[in-house]
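What follows is a single structure, written as structure tokens, with notes after it.
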Amino acid sequence: MDNFKLVYDYIIMSNYFEPFATCEIRFNEKTNKNEIYVIYANKHFPCITGVPNDEILNKRLTEIFFQKSTTIFDWTRIIAEAAMTNSYKVIEDYFDSCNKFLKMFVFGYNMGVFHVIIKDETEKKENKRILFEKNKQIDYLIEEVRIKNNNDNLTKLYDYQFGLDSVDLSISDYNELGTNFTVLLLDLIGLRTINQDYGYEVGDKTLIEIADMLLSNTRKIDIPCRYSGGKFFVIYNNVNTDLAQVLIEKLKISIKKNIRVLHIIEIFINGAALDYSGQTKTELMTELESKLEKAKCLGADVIL
């Protein structure tokens with residue numbers, strides 16, 4: 001690539017207000033696949049990576065950006081293909097390596113070299129959820145129904161009603177923006193027995209610990225709720241089937257590993273998950289409840 005043009009591009013983009021990098025695709029004979037190397041980054045790029053610019057140059061993108069990622073996606077391949085096959089490509093997704101929802105603008109491919117502008121959309125996504133929450137609170141007050149707190153008093157998760165209202169928001173995003181989402185319904189087995197044998201205080205403590213596991217194993221853009229009794233409900237936003245399965249399995253393992261009643265009795269759960277595919281909210285919830293009952297028939301710790 002023409003060195004003068006590269007230098008000119010660097011001068012133009014060095015003061016660009018968004019994180020910007022110039023990357024080069026190089027074939028790695030050891031791994032027998034393409035790797036992406038960062039050959040230039042402006043002063044804003046460390047805001048995304050957390051790595052100083054002097055440690056970025058000529059490093060693989062996987063070393064400075066995706067090294068902590070548990071995602072199932074091969075982002076090196078996805079970004080390289082986007083650069084090589086499109087004059088301009090936008091990639092939007094939640095990147096667990098930096099706990100952010102990012103919009104990547106990939107453009108200017110020429111002889112293995114291309115540019116990337118990255119916008120952090122996490123706050124925008126989170127603000128949309130917060131605004132929706134606040135609007136719901138205002139609606140309840142205006143209608144003079146009752147003073148409404150969107151959180152369950154015991155677990156501090158979102159409550160049943162807010163969860164269902166959030167399904168409406170996710171359905172709206174699906175219809176308007178094509179944003180996929182998955183819903184998960186979990187049921188704690190034997191809550192009544194725990195209450196009878198050990199007391200309601202122990203039962204409540206168990207529910208709080210499960211709620212804590214939900215909060216620590218969901219992302220900023222997801223909605224964890226207490227559904228009723230020992231049931232919990234999670235809306236995983238902006239996911240496909242494979243990623244939803246990874247997130248749900250991670251949650252299940254965390255609950256099994258960390259929660260025991262009085263450190264003696266092992267906790268068992270059943271669950272059901274559904275990818276949204278155009279149903280009404282009522283149809284979605286009915287299908288989810290039916291699937292949960294089937295999971296219970298198959299034994300403890302089954303999530304369909």
Side-chain angles (χ1 to χ4, degrees), residues 69-73 75 78 90-104 120-136 150-152 157-187 211 213-228 231-252 254 269-292 295 303-304:
S69 177
T70 58
T71 181
I72 61 173
F73 299 121
W75 286 111
I78 292 172
V90 178
I91 299 172
E92 290 184 273
D93 216 304
Y94 190 88
F95 292 83
D96 57 358
S97 57
C98 58
N99 198 27
K100 296 178 185 294
F101 189 94
L102 302 178
K103 179 183 285 189
M104 290 188 173
D120 184 354
E121 300 275 282
T122 310
E123 185 176 355
K124 180 180 177 181
K125 292 283 184 179
E126 194 169 7
N127 284 343
K128 184 176 182 179
R129 174 184 59 79
I130 293 171
L131 179 62
F132 176 69
E133 178 183 350
K134 298 302 181 184
N135 284 339
K136 292 302 299 182
N150 290 314
N151 293 90
D152 173 64
L157 295 176
Y158 289 117
D159 64 12
Y160 169 81
Q161 187 58 53
F162 186 79
L164 291 185
D165 291 341
S166 296
V167 172
D168 288 327
L169 182 63
S170 293
I171 290 175
S172 175
D173 283 349
Y174 176 90
N175 291 329
E176 295 175 11
L177 306 172
T179 304
N180 295 321
F181 70 96
T182 296
V183 289
L184 168 69
L185 183 59
L186 294 176
D187 193 2
M213 289 297 101
L214 284 171
L215 288 171
S216 61
N217 286 278
T218 49
R219 307 164 304 166
K220 293 179 181 179
I221 60 175
D222 300 328
I223 309 290
C225 314
R226 187 180 180 192
Y227 192 69
S228 65
K231 289 184 179 180
F232 296 87
F233 181 65
V234 183
I235 304 171
Y236 291 101
N237 287 305
N238 209 94
V239 296
N240 62 13
T241 302
D242 291 336
L243 180 55
Q245 288 176 346
V246 170
L247 295 172
I248 292 169
E249 184 62 23
K250 179 184 176 184
L251 172 62
K252 178 182 175 182
S254 182
I269 56 173
N270 281 116
L274 281 175
D275 297 329
Y276 182 71
S277 56
Q279 310 97 313
T280 66
K281 179 173 67 176
T282 300
E283 291 170 342
L284 177 67
M285 299 311 299
T286 300
E287 189 176 348
L288 197 61
E289 289 275 13
S290 176
K291 196 171 182 180
L292 176 60
I303 298 180
L304 294 178

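In this structure, Thr280 contributes its side chain and Glu283 its backbone to a donor-acceptor pair below 3.5 Å. Remark: the backbone N or O of Ala273 is paired with a side-chain donor or acceptor of Lys291 at under 3.5 angstrom.
With values rounded to the nearest 0.5 angstrom, Ser172 atom OG is found 7.5 Å from Leu177 atom CG. Within the model, atoms CG of Leu274 and CG of Leu304 stand 9.5 Å from one another, a figure rounded to the nearest 0.5 Å. Residue Thr122 holds its OG1 atom at 8.0 Å from CD1 of Ile221, rounded to the nearest 0.5 Å. Interatomic distance, CG of Leu185 versus OG of Ser228, reported as 8.0 Å (0.5 Å rounding). Remark: Leu186 CG to Lys231 NZ distance equals 11.0 Å, nearest 0.5 Å. Here the CG atom belonging to Asn217 is positioned 5.5 Å from the NZ atom belonging to Lys250, to the nearest 0.5 angstrom.
When all heavy atoms are compared, the tightest approach of Leu288 to Ala272 is CD1-O, 3.5 Å. Residues Gly163 and Cys225 come closest through the heavy atom pair CA-SG, 3.4 Å. Among all heavy-atom pairs drawn from Asn238 and Arg219, the shortest one is O-NH1, 4.2 Å. Heavy-atom minimum distance, Ser166 versus Ile235: CB-CD1, 3.6 Å. Contact record, Ala295 with Asn270: O-ND2, 3.4 Å, taken as the closest heavy-atom pair.
Using a 4.5 Å heavy-atom cutoff, the side chains of Asn237 and Tyr94 are not in contact. The shortest side-chain heavy-atom distance between Ile248 and Leu251 does not fall under the 4.5 Å cut-off. The shortest distance between side-chain heavy atoms of Thr179 and Ser170 does not fall below 4.5 Å. Taking the side chain as every heavy atom from C-beta outward, Ile171 and Asn175 approach each other to under 4.5 Å.
Considering Val167, Leu214, Leu184 as possible partners of Phe233, the one that fulfils the side chain to side chain contact (heavy atoms under 4.5 Å, CB included) test is Val167. In summary, of the residues considered (Thr182, Asp275, Asn180), a side chain to side chain donor-acceptor pair (under 3.5 Å) with Thr241 occurs for Asp275 alone.
The local environment of NZ in Lys124 is sparse, with at most 12 non-hydrogen atoms from other residues, nucleotides or ligands closer than 6.0 Å.
Remark: Glu287 engages Gln279 in a side chain to side chain donor-acceptor pair (under 3.5 Å) (not counting sequence neighbours). In this view, Lys252 satisfies the salt bridge (charged side-chain N to carboxylate O under 4.0 Å, His left out) rule with no residue, not counting sequence neighbours.
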### CA sep, side-chain torsions, deciding dist, call: Ile91, Trp75, side chain to side chain contact (heavy atoms under 4.5 Å, CB included)
CA-CA 10 Å; Ile91 299 172; Trp75 286 111; 3.7 Å; yes
### Task
Please test Tyr227 against Phe232 for ring-ring contact (aromatic ring centres under 6.0 Å, His included), starting from the C-alpha separation and ending with a verdict.
CA-CA 5 Å; Tyr227 192 69; Phe232 296 87; 9.9 Å; no
### Task
Show your working on side chain to side chain contact (heavy atoms under 4.5 Å, CB included) between Thr218 and Tyr236 and close with a plain yes or no.
CA-CA 8 Å; Thr218 49; Tyr236 291 101; 4.2 Å; yes
### Message
The test is side chain to side chain contact (heavy atoms under 4.5 Å, CB included); show your working for Ile78 and Met104 and say whether it passes.
### Response
CA-CA 12 Å; Ile78 292 172; Met104 290 188 173; over 6 Å; no
### Task
Give the C-alpha distance, both sets of side-chain angles, the deciding distance and a yes or no for side chain to side chain contact (heavy atoms under 4.5 Å, CB included) between Glu123 and Phe101.
CA-CA 8 Å; Glu123 185 176 355; Phe101 189 94; over 6 Å; no
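Aromatic ring pairs are classed by plane angle as parallel below 30°, tilted from 30° to 60° and perpendicular above 60°; the pair Phe162 and Phe132 is tilted.
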